[in-house]
2 protein chains.
Amino acid sequence: MSGIRKSPEYTRELILSTALRLFVERGYFATSVHDIRRAAGLSTGSIYHHFESKEALARALYDDLVKRMTAIVELSAESCQSAHDKGRAIAVALCRAAEESPELVHFILHARHREFLPEAPPICSTRPFELMKQVAAGGIASGELRQMDVLVASVALFGGVIRLLHLSLDGVLDKPLAGYLGDVWEAGWRGVSS
Amino acid sequence: MSGIRKSPEYTRELILSTALRLFVERGYFATSVHDIRRAAGLSTGSIYHHFESKEALARALYDDLVKRMTAIVELSAESCQSAHDKGRAIAVALCRAAEESPELVHFILHARHREFLPEAPPICSTRPFELMKQVAAGGIASGELRQMDVLVASVALFGGVIRLLHLSLDGVLDKPLAGYLGDVWEAGWRGVSS
DNA sequence: GTCTATAATTTGATAGAC
DNA sequence: GTCTATCAAATTATAGAC
């Protein structure tokens with residue numbers, strides 16, 4: 001067992017991915033450092049060598065996942081021109097992420113970060129959600145969307161899709177996400193388009 | 001202090017309301033029974049006299065709040081005829097509840113109940129959310145809404161409003177909820193109406 | 001029915017060998 | 001850099017007086 005030495009980067013990633021899985025399954029507070037240690041097949045000392053504290057581990061995980069989510073949204077928006085296409089690309093990418101990496105999306109959408117990261121900004125103030133608002137703002141400026149408050153447009157345009165993601169993560173959908181996404185997105189667009 | 005004896009019902013309600021406030025402020029796991037005891041000005045023994053365990057307290061609170069939320073949504077829907085009016089009445093009532101009893105709405109929308117109440121159904125399967133789906137189903141049956149999957153219609157119709165409530169509870173809105181609600185609801189309706 | 005005192009575990013974190 | 005052993009504090013819950 002301990003003969004198979006892995007690189008420190010590998011160990012660090014193993015700790016992060018194990019913590020993510022357990023945090024999503026049971027929540028941050030219901031997961032002890034001992035649980036992470038056991039699930040990762042490591043020792044307490046090893047975990048505390050890589051992270052100063054349990055909270056520091058959670059913060060590193062949070063930063064990492066916000067970065068991954070930002071990349072997903074950013075790449076989607078950049079690949080298109082119109083607000084309609086940007087928005088739809090984001091919606092499609094979010095759904096794909098929810099199916100391929102449900103833990104990522106779950107942690108971003110569901111976890112109550114401020115309970116264990118007191119100084120973290122609310123998740124809706126982070127870059128991925130700011131980008132969605134920018135798509136709405138661009139649509140209003142270009143005339144694709146009706147003249148309205150940017151926040152209202154953003155909430156109306158993406159609210160249905162985000163709600164759909166919540167339902168998917170709660171396991172209450174009968175079919176795969178893709179079976180609902182097209183119609184939900186179209187309804188959202190129809191609600192704000194001029 | 002202990003000369004002022006209150007009724008047992010009062011004590012029970014005091015424990016529940018204190019627990020609700022702390023659970024919303026810090027979360028279930030970050031709130032110890034000792035915290036509740038101190039904030040309520042009671043003793044540990046008194047709390048354990050009224051509730052079998054911390055989890056039983058949380059379950060009683062959960063049941064109580066789902067009941068209150070059900071009443072709010074039920075009364076709103078009953079007071080109107082058309083799907084449009086029912087839906088808008090529900091949206092208005094939810095926003096009023098979010099301003100008058102933010103702790104109630106926060107606990108229902110934000111708390112990760114399944115982390116501490118393992119056998120509780122997902123919140124979106126509870127009666128208040130089922131009623132919203134029924135409003136959408138009624139609208140489709142009557143022809144007010146386009147023909148579509150009931151879940152899609154429900155998500156598209158109420159997704160924006162629920163998203164707006166989340167933002168309000170996260171404290172990222174500049175104005176009172178009422179300043180956004182009208183337009184968000186209208187966009188949702190426009191997205192699904194025939 | 002409420003109190004104080006305390007038991008039994010679990011938790012996050014550290015020390016020091018290898 | 002990883003391990004084992006252990007600590008100090010906090011947590012849920014109980015016992016028993018009043």
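No hydrogens, no waters, no symmetry mates; every other heavy atom, side chains included, goes into these values. Every chain is numbered from 1 and lettered A, B, ... according to where its sequence line falls, protein lines coming before strand lines.
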Phosphate contact (C:dT2 OP1 or OP2) by B:T11 side-chain N/O below 4.0 Å: yes

Spacing of B:H50 atom NE2 relative to C:dC3 atom C1', expressed in whole Å: 12 Å

4.5 Å side-chain heavy-atom contact, B:V172 and A:S125: yes

Sugar-phosphate, base or nothing in reach of B:S53, heavy atoms under 4.0 Å: sugar-phosphate

side-chain N/O A:H49 vs C:dT14 OP1/OP2, d < 4.0 Å: no

Pairs flagged by salt bridge (Lys or Arg N to Asp or Glu O under 4.0 Å) wherever residues 84-108 of chain B is involved - sequence neighbours left out: none

Close aromatic pair by centroid cut-off 6.0 Å: A:H106 and A:H166: no

Rounded distance in Å - OH (B:Y10) to P (C:dG1): 17 Å

5' priority, DNA chain C, between A:Y28 and A:G45 [closest heavy atom]: A:Y28

Check against ring pair (Phe, Tyr, Trp, His ring centres under 6.0 Å), B:F107 and B:H113: CA-CA 9 Å; B:F107 190 88; B:H113 314 105; 5.1 Å; yes

Rounded distance (Å) that lies between atom C1' of C:dT2 and atom CG of B:L42: 9 Å

Interatomic distance, A:R38 CZ vs D:dC3 P [rounded to whole Å]: 15 Å

d(CZ, A:F116; P, C:dG12) in whole Å: 13 Å

OP1 or OP2 of C:dA13 under 4.0 Å from side-chain N/O of A:H34: no

Nearest-nucleotide pick for A:S43, side chain only, options being C:dC3, C:dA13, D:dT2: D:dT2

Identified side chain to side chain contact (heavy atoms under 4.5 Å, CB included) counterpart of B:V184 within the set A:L151, A:V192, A:V152: A:V152

Sugar-phosphate, base or nothing in reach of B:S32, heavy atoms under 4.0 Å: sugar-phosphate

Separation of C:dT11 C1' from A:L57 CG (nearest whole Å): 15 Å

Whole-Å distance separating the CG atom of B:L22 from the C1' atom of D:dT11: 16 Å

A:A30 vs B:T44, nearer the 5' end of DNA chain C by closest nucleotide: B:T44

Side chain of A:Y48 - closest among D:dC3, C:dT14, C:dT2: C:dT14

Interatomic distance where CZ belongs to B:R26 and C1' belongs to D:dT11 [whole Å]: 14 Å

